[in-house]
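First up is the structure itself, then whatever we jot down about it.
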Amino acid sequence: HQSRKNKGKVFWCGTYRDEGLSENTPLLALLDHGVSEGNIDCFKLSRFDLSGTRDLITSKLIRNEFPEEFFAYVHHRTSGNLYFVVEVLKYLLENNILFLKDSCWGTDLEKLEKSAIPDSVESVLLRNIQRYDHNIVDFLGVSAIIGTRFSLRLVQELNLFDPKALSEILTTLTNDRLMVKQDEFATGKTFYEFANQSLQTLLYRRCKKGTRLFWHKAVGKLLEKQSPDEAEESVFEITHHYFEAKEYEKAYQYAILSAERMERRFANRDVLGYLDKALKLTSKFTDKSRVQEKRALVLTRRADFCKKV
């Protein structure tokens, strides 16, 4: 209208998200009309990969001593979405997790790991979820309890939905880039991962306590059944799920196994971490007669390990 009225060109630049446009909205009508007449050009903006996220941050915070873990954290929490990256950086600055010292930007990794999701990001994530039907929302909730990454076989055997419905849900979530599909050709396994770790954290936090306990226990039992040979990575996952399910004796058993696996990897700090977890778990045993025996076992293993290193 302004272009025709003033008999000239008007430069107008704006951004929008496809999922934010519903039918019969003025903006959608304007875009359709402008594109059809050749007055509006639309450009699709892709998300940044890890390298792009790093470049964006370093272009804004030029002099910095950020470790690689910082860039990975921001990318995982934002899935490379420009708006989310900016909002996360603002949040970290406001909470002194990012700081300027001797004219150089730095970060506190310990505080970073404990940081929350900015309200501005959370509100967008919640709006995105509300457009899905209850089956997809329920699936996302259970997936958040399973973890950031899970195998196709695992969700199939949980019997959440029939095979066709499950396939449709996963296709929708990957097409909408909420999930990333990963095929491991060496093992023949298929995995799915939350594209945005903030979404997984948000969904997990919104699950009721009873729901969390139920699914942590169910997933722990299923992983235990699927891994009779106590496969390397499964041991760590089983430990986590039984601990969160308050199945303390099972969690103790797998914490000991996890410590053994970490010792093979020469991950000394993780070995001590799992042994400390096992030690604390003994105080929660229902059979108090076994507490001293299990505590002695952990303390002996810890002493033996410390002698080795």
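Predicted model only: the values in this text are computed from it and were never measured.
Contacts classified as ring-ring contact (aromatic ring centres under 6.0 Å, His included) and involving residues 134-191 (residues at least two apart or in different chains) are not found. For residues 92-113, no pair satisfies side-chain hydrogen bond (donor to acceptor under 3.5 Å, both in side chains), with sequence neighbours left out. Each salt bridge (charged side-chain N to carboxylate O under 4.0 Å, His left out) pair with one or both residues in residues 171-187, not counting sequence neighbours, appears once here: Arg131-Asp176, Arg149-Glu184.
Thr211 contributes no side-chain N or O that, together with a main-chain N or O of Cys207, makes up a donor-acceptor pair within less than 3.5 Å. With hydrogens and angles disregarded, a donor-acceptor distance shorter than 3.5 Å links the side chain of Asp133 to the backbone of Ile136. Panel note: side chain Ser198, backbone Arg77; a donor-acceptor pair is recorded below 3.5 Å. Between the side chain of Thr282 and the main chain of Leu279, a donor-acceptor pair closer than 3.5 Å is present. Remark: side-chain polar atoms of His76 are paired, donor with acceptor, to backbone N or O of Ala72 under 3.5 angstrom.
Qualifying salt bridge (charged side-chain N to carboxylate O under 4.0 Å, His left out) partners for Arg290, counting only residues two or more places apart in sequence or in other chains: Glu249. Applying the salt bridge (charged side-chain N to carboxylate O under 4.0 Å, His left out) rule to Arg302 yields the partners Asp276; only residues at least two apart in sequence or on another chain are considered. Listed by chain and number, the residues in a salt bridge (charged side-chain N to carboxylate O under 4.0 Å, His left out) with Glu122 are Arg205 (sequence neighbours excluded). Under the rule for a ring pair (Phe, Tyr, Trp, His ring centres under 6.0 Å), the partners of Phe285 that lie at least two apart in sequence or sit in another chain are Tyr252. Arg295 pairs by the salt bridge (charged side-chain N to carboxylate O under 4.0 Å, His left out) definition with nothing, not counting sequence neighbours. Qualifying side chain to side chain contact (heavy atoms under 4.5 Å, CB included) partners for Tyr83, counting only residues two or more places apart in sequence or in other chains: Asn81, Glu87, Ser120, Val124. Every residue two or more places apart in sequence or in another chain that forms a ring pair (Phe, Tyr, Trp, His ring centres under 6.0 Å) with His216 is listed here: Tyr204, His240, His241. Under the ring pair (Phe, Tyr, Trp, His ring centres under 6.0 Å) criterion, Phe70 pairs with Phe66, sequence neighbours left out.
There is a path of hydrophobic side-chain contacts, each under 4.5 Å, that joins Phe214 to Leu154. Leu166 and Leu203 fall within a single hydrophobic cluster, where Ile, Leu, Val, Met, Phe, Trp and Tyr are joined by side-chain heavy atoms under 4.5 Å apart, directly or via other members. Leu89 and Leu109 fall within the same hydrophobic cluster, defined by Ile, Leu, Val, Met, Phe, Trp and Tyr side-chain heavy atoms under 4.5 Å apart, directly or through other members. At a threshold of 4.5 Å between side-chain heavy atoms, the hydrophobic network of Ile, Leu, Val, Met, Phe, Trp and Tyr places Leu299 and Leu297 in one connected group. Linking Ile, Leu, Val, Met, Phe, Trp and Tyr residues whenever their side-chain heavy atoms come within less than 4.5 Å places Leu272 and Met262 in a single cluster.
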Can you check side-chain contact (heavy atoms from CB on, under 4.5 Å) on Thr190 and Ser151, steps first, answer last?
CA-CA 6 Å; Thr190 297; Ser151 70; over 6 Å; no
Stepwise side-chain contact (heavy atoms from CB on, under 4.5 Å) test for Ser234 and Glu224
CA-CA 8 Å; Ser234 295; Glu224 195 174 23; over 6 Å; no
Could you give me the CA-CA distance, side-chain angles and deciding distance for Val121 and Thr78, then say whether side-chain contact (heavy atoms from CB on, under 4.5 Å) is met?
CA-CA 9 Å; Val121 173; Thr78 63; over 6 Å; no
For Arg153 and Gln226, run side-chain contact (heavy atoms from CB on, under 4.5 Å): C-alpha distance rounded to whole Å, both residues' side-chain angles, the deciding distance at 0.1 Å, then the answer.
CA-CA 9 Å; Arg153 179 189 173 193; Gln226 289 182 351; 3.6 Å; yes
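Side-chain contact of Asp287 with Ser289: a donor-acceptor pair under 3.5 Å is present, judged by distance alone. Side-chain contact annotation: Gln197 with Tyr73, donor-acceptor N/O pair under 3.5 Å absent.
Looking only at side-chain heavy atoms (C-beta outward), Val271 and Phe266 stay at 4.5 Å or farther from each other. Side-chain contact check for Leu199 versus Ser79: every heavy-atom pair is 4.5 Å or farther apart. Contact check for Leu126 versus Arg206: side-chain heavy atoms found under the 4.5 Å cut-off. Here the side chains of Ser36 and Asp32 are not in contact, with every heavy-atom distance at 4.5 Å or above. For the pair Tyr192 and Leu170, the minimum side-chain heavy-atom distance is below 4.5 Å.
In Gln156, the CD atom is crowded: over 12 heavy atoms of neighbouring residues, nucleotides or ligands sit closer than 6.0 Å. For Asp119, the CG atom sits in a loose shell: 12 or fewer heavy atoms of surrounding residues, nucleotides or ligands are nearer than 6.0 Å.
Here the closest heavy-atom approach between residue Thr239 and residue Ala251 is recorded as CG2-O, 4.0 Å. Annotation for Ala195 and Val180: closest pair CB-CG2, 3.9 Å, computed over non-hydrogen atoms. In terms of heavy-atom proximity, Val137 sits nearest to Tyr132 at CG2-O, 3.9 Å. A pairwise comparison of heavy atoms in Val155 and Ile146 identifies CG1-CD1, 3.9 Å as the closest pair. Minimum heavy-atom separation, Cys42 to Leu31: SG-CD2, 4.4 Å.
In summary, Arg212 and Glu244 do not engage in a salt bridge, as defined by a charged side-chain N under 4.0 Å from a carboxylate O. With respect to Arg301 and Glu260, a salt bridge is recorded, a charged nitrogen being found less than 4.0 Å from a carboxylate O.
Atom-to-atom distance recorded for Lys284:NZ and Tyr248:OH is 4.5 Å, nearest 0.5 angstrom. Of the inter-residue distances, the one linking Leu160 atom CG with Asp138 atom CG reads 9.0 Å to the nearest 0.5 angstrom. To the nearest 0.5 Å, the span separating OG1 on Thr172 from CG on Leu178 amounts to 10.5 Å. Between atom CG of residue Leu93 and atom OH of residue Tyr91 there is a gap of 12.0 Å, rounded to the nearest 0.5 Å. To the nearest 0.5 Å, atoms CD (Gln200) and CD1 (Ile145) are separated by 10.0 Å. Note that CZ of Phe236 and OH of Tyr274 are 5.5 Å apart. Values are rounded to the nearest 0.5 Å.
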Run the side-chain donor-acceptor check on residues 54-63: report pairs under 3.5 Å with partners two or more places apart or on a different chain.
from  : atom 1 : to    : atom 2 : distance (Å)
Arg54 : NH2    : Glu68 : OE2    : 2.5
Thr58 : OG1    : Arg54 : O      : 2.9
Thr58 : OG1    : Asp55 : O      : 3.1
Ser59 : OG     : Asp55 : O      : 3.4
Ser59 : OG     : Leu56 : O      : 2.6

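For the pair Lys217 and Tyr242, the cation-pi test (distance below 6.0 Å, angle within 45°) is failed.
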